[in-house]
Student: 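Below are the structure tokens for one structure; questions will follow.
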Amino acid sequence: MASAKICCIGAGYVGGPTCSVIAKMCPHVTVTIVDINDKRIAAWNSDELPIYEPQLDDIVKSQRGKNLFFSTDIDKEINDADFIFISVNTPTKTYGVGKGMAADLKYVEACARRIAAVAKSDKIVIEKSTVPVKAAASIQRILSSNMNLDINFQVLSNPEFLAEGTAIQDLIHPDRVLIGGEDSEAGRAAIQKLVDVYANWVPREKIITMNTWSSELSKLAANAFLAQRISSINAMSAVCEATGADVNEVARAIGMDSRIGDKFLKASVGFGGSCFQKDVLNLVYLCECLNLPKVAQYWQQVIEINNYQRKRFASGIIGCLFNTVAGKRITIFGFAFKKDTGDTRESSSIYVAKYLLDEGAKLSICDPKVSRRQIVSDLSHPTIASEETVAELVTTETDPYKACKESHAIAVCTEWDAFKTLDYKRIFDCMLKPAFIFDGRGILDHAELTSIGFQVEAIGKTVSQGTVFTHNNGNNILSPTSRVLP
Ligand code: UDX
Ligand code: ADP
């Protein structure tokens, strides 16, 4: 292993942190991350990394130029490498068969074709990106049928389980590392070589090996189960609002049952991120293709509840603001899909903003890590709002106090710690009255806010007015457009 070389194709949220941690934990391994996007590579080589992730800066700066490199010379790095990680994006298809559901594998396929075209020695090709079950077989087929020389390619599945915001700790202390491969002598040898890389820092009992398809399906299953828990607690939050129960108390009570566990039971404005919706839809599509319609419908409900929750939250705001938000200024706290990341992919904030813009609200958006450019770009998407609407109705502010000035309401959409410690008396004083706070993340001190004078509404519990979300279940708002629901 002394001279092992890793090439990672794709310098994004998965490839960047994963391979930086491998470089950190394996000083004797040379890791080069390549990408077709030269601006992104330039940013990885600069003082301002292209993604925000706690602790990532330190790791990159300590390894860069030693055993961690960022390059656009993809062919050279493929050729030099023993291991090639494919960490490119696999978005939901927006065209053709499987539109809105299946994963688009065109970037993965392009990588496989590139590897086949330029490799001159044996390679272990590892799929890191979340892919549909049997994608490894497709990669293997492309590699085998394009070989000019007598080269041996082994394709392994090694799905990534890191969560953004905690990626570095997740990578250094993984719950498990999963490696799937072919059940043959060459397959087992390739698996062992990758096990040896991880064994540099991961306890051996946490590295599990299995057949390729189990590994691929385990990734989809893990994300589907996690997303399902959030939809379950969010569905329960609607029941809590209707009954006077408190969803946090319910979550605490059920989470103490060791069979259920206490993680991923935080009711919210809906899950976002690049993985959950994509992977659940991917699973739904797989089930439909396998002629398992009941199973497909079962998982589809996880998405339906998530869309419902986003819509319900926006409808609650409109309902509380006397059924009209036209021309009213509403401050959105948080645009990232969760705290401690600048990533906005599938963020619930986008959908909440869309519903409010559809009703003519003026939005003042404040996020500690998301740029104005990103916010405008996300909202100007054809399925969200027109460029003119965004230019007319959306302002962005880095200072939360300025963001709230003369607002009718604040909607907390991302659970950033910075929002917990603001001077809410000062904020109250600069808002129009009655001043509303809609806590879509359950992070604020509701009793204190009420004593300041705010009208407080929170997901899954009754604070100031109660039951407003339940009275207005979202039917007056257009359907979400992230995909057309059947
Ligand atoms: C997820 C998986 O956790 C990770 O294992 C996988 O590799 C990629 O997908 P990520 O999307 O980065 O990671 O973040 P995660 O922490 O899972 O949160 C996803 C969404 O669910 C966020 O919008 C978050 O705010 C929301 N969430 C999470 C809740 O609403 N309630 C919870 O209790 C937990
Ligand atoms: P993820 O969250 O899965 O890491 P990102 O979109 O953040 O997704 O990153 C994927 C990266 O893969 C992007 O920087 C993109 O430019 C890169 N990429 C896509 N296709 C290729 C390719 N064929 N060769 C090299 N890089 C690619």
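Because only heavy atoms are used, hydrogens play no part in the values below, and waters and symmetry mates are left out as well, while side chains stay in. When a ligand or atom number is given, it counts from 1 through the structure's own listing order. The residues of the chain are indexed from 1 along the displayed sequence.
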Student: Quick one: does E346's side chain have a donor or acceptor within less than 3.5 Å of a partner on Q277's backbone?
Tutor: no

Student: So, E160 side chain and K128 main chain: donor-acceptor pair closer than 3.5 Å or not?
Tutor: no

Student: Would you give me the side-chain donor-acceptor pairs under 3.5 Å for residues 83-94, sequence neighbours excluded?
Tutor:
from : atom 1 : to   : atom 2 : distance (Å)
T90  : OG1    : T130 : O      : 2.9
T90  : OG1    : K278 : NZ     : 3.0
K93  : NZ     : V97  : O      : 2.9

Student: Please step through side chain to side chain donor-acceptor pair (under 3.5 Å) for the pair Y351 and Q309, ending with a clear verdict.
Tutor: CA-CA 10 Å; Y351 297 95; Q309 188 75 347; over 6 Å; no

Student: If you measure from each heavy atom of R114 to ligand 2, is any distance below 4.0 Å?
Tutor: no

Student: Can you tell me which residue and heavy atom of the protein come closest to atom 18 (N) of ligand 2, and the distance to 0.1 Å?
Tutor: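 Nearest protein contact, heavy atoms only, for atom 18 (N) of ligand 2 is V88 CG1, 3.6 Å.
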
Student: Return the residue, atom name and 0.1 Å-rounded distance of the protein heavy atom closest to atom 5 (P) of ligand 2.
Tutor: R40 NH1, 3.7 Å

Student: Could you check whether any side-chain N or O of S46 sits under 3.5 Å from a backbone N or O of A43, counting only pairs where one atom can act as donor and the other as acceptor?
Tutor: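 Judged by distance alone, yes, a pair lies under 3.5 Å.
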
Student: Of the choices T90, N89, T72, which has the non-hydrogen atom that lies closest to atom 19 (C) of ligand 2?
Tutor: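 Shortest heavy-atom distance from atom 19 (C) of ligand 2: N89.
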
Student: Assess the side chains of D104 and Y95: does a donor N or O sit below 3.5 Å from an acceptor N or O?
Tutor: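 Side chains of D104 and Y95: pair found under 3.5 Å.
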
Student: Which of the numbered atoms in ligand 2 are under 4.0 angstrom from any heavy atom belonging to G12?
Tutor: 4 (O), 5 (P), 7 (O), 9 (O)

Student: May I ask you to check if ligand 2 and S274 share an N or O to N or O distance below 3.5 Å?
Tutor: no

Student: Please report which non-hydrogen protein atom sits nearest to atom 26 (N) of ligand 2, along with the residue it belongs to and the distance in Å to one decimal place.
Tutor: I36 N, 3.4 Å

Student: Should E127 and K219 count as an ion pair when the cut-off is N to O under 4.0 Å?
Tutor: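 Looking at K219 together with E127, the answer is no, because their closest N to O distance does not fall below 4.0 Å.
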
Student: So which residues, sorted by chain and number, lie with a heavy atom under 4.0 Å of ligand 1?
Tutor: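 Only E160, F161, L162, A163, E164, K219, N223, L226, I230, F264, L265, K266, S268, F271, G272, C275, F276, F337, K338, R441 have heavy atoms that fall under 4.0 Å of ligand 1, ordered by chain and number.
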
Student: Taking atom 17 (C) of ligand 2 as the point of reference, which of N37, I41, D35, V14 owns the nearest heavy atom?
Tutor: D35

Student: Starting from atom 25 (C) of ligand 2, which protein heavy atom do you reach first, and at what distance in Å?
Tutor: I9 CG2, 3.3 Å

Student: For C111 and ligand 2, answer yes if some heavy atom of the residue is under 4.0 Å from a ligand atom, otherwise no.
Tutor: yes

Student: Pairs in or reaching into residues 40-64: which pass ring pair (Phe, Tyr, Trp, His ring centres under 6.0 Å), with residues at least two apart or in two chains?
Tutor: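 Only W44-F70 qualify under ring pair (Phe, Tyr, Trp, His ring centres under 6.0 Å).
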
Student: Sequence neighbours excluded, which residues qualify as ring pair (Phe, Tyr, Trp, His ring centres under 6.0 Å) partners of Y198?
Tutor: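 W201.
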
Student: Keeping the roles fixed (side chain from N282, backbone from M101), state whether a donor-acceptor pair exists under 3.5 Å.
Tutor: no

Student: Give the contacting part of E164 toward ligand 2: side chain, backbone, both or neither, where contact means a heavy-atom distance below 4.0 Å.
Tutor: neither

Student: Can a cation-pi geometry be assigned to R176 and F161, taking NZ or CZ under 6.0 Å from the six-membered ring centre and within 45° of the ring axis?
Tutor: yes

Student: Output, in order, the C-alpha distance, side-chain angles, deciding distance and verdict of side chain to side chain donor-acceptor pair (under 3.5 Å) for K339 and T341.
Tutor: CA-CA 6 Å; K339 73 171 181 175; T341 177; over 6 Å; no

Student: Looking only at protein heavy atoms, which one is nearest to atom 8 (O) of ligand 2, and what is the separation?
Tutor: R345 NH1, 3.5 Å

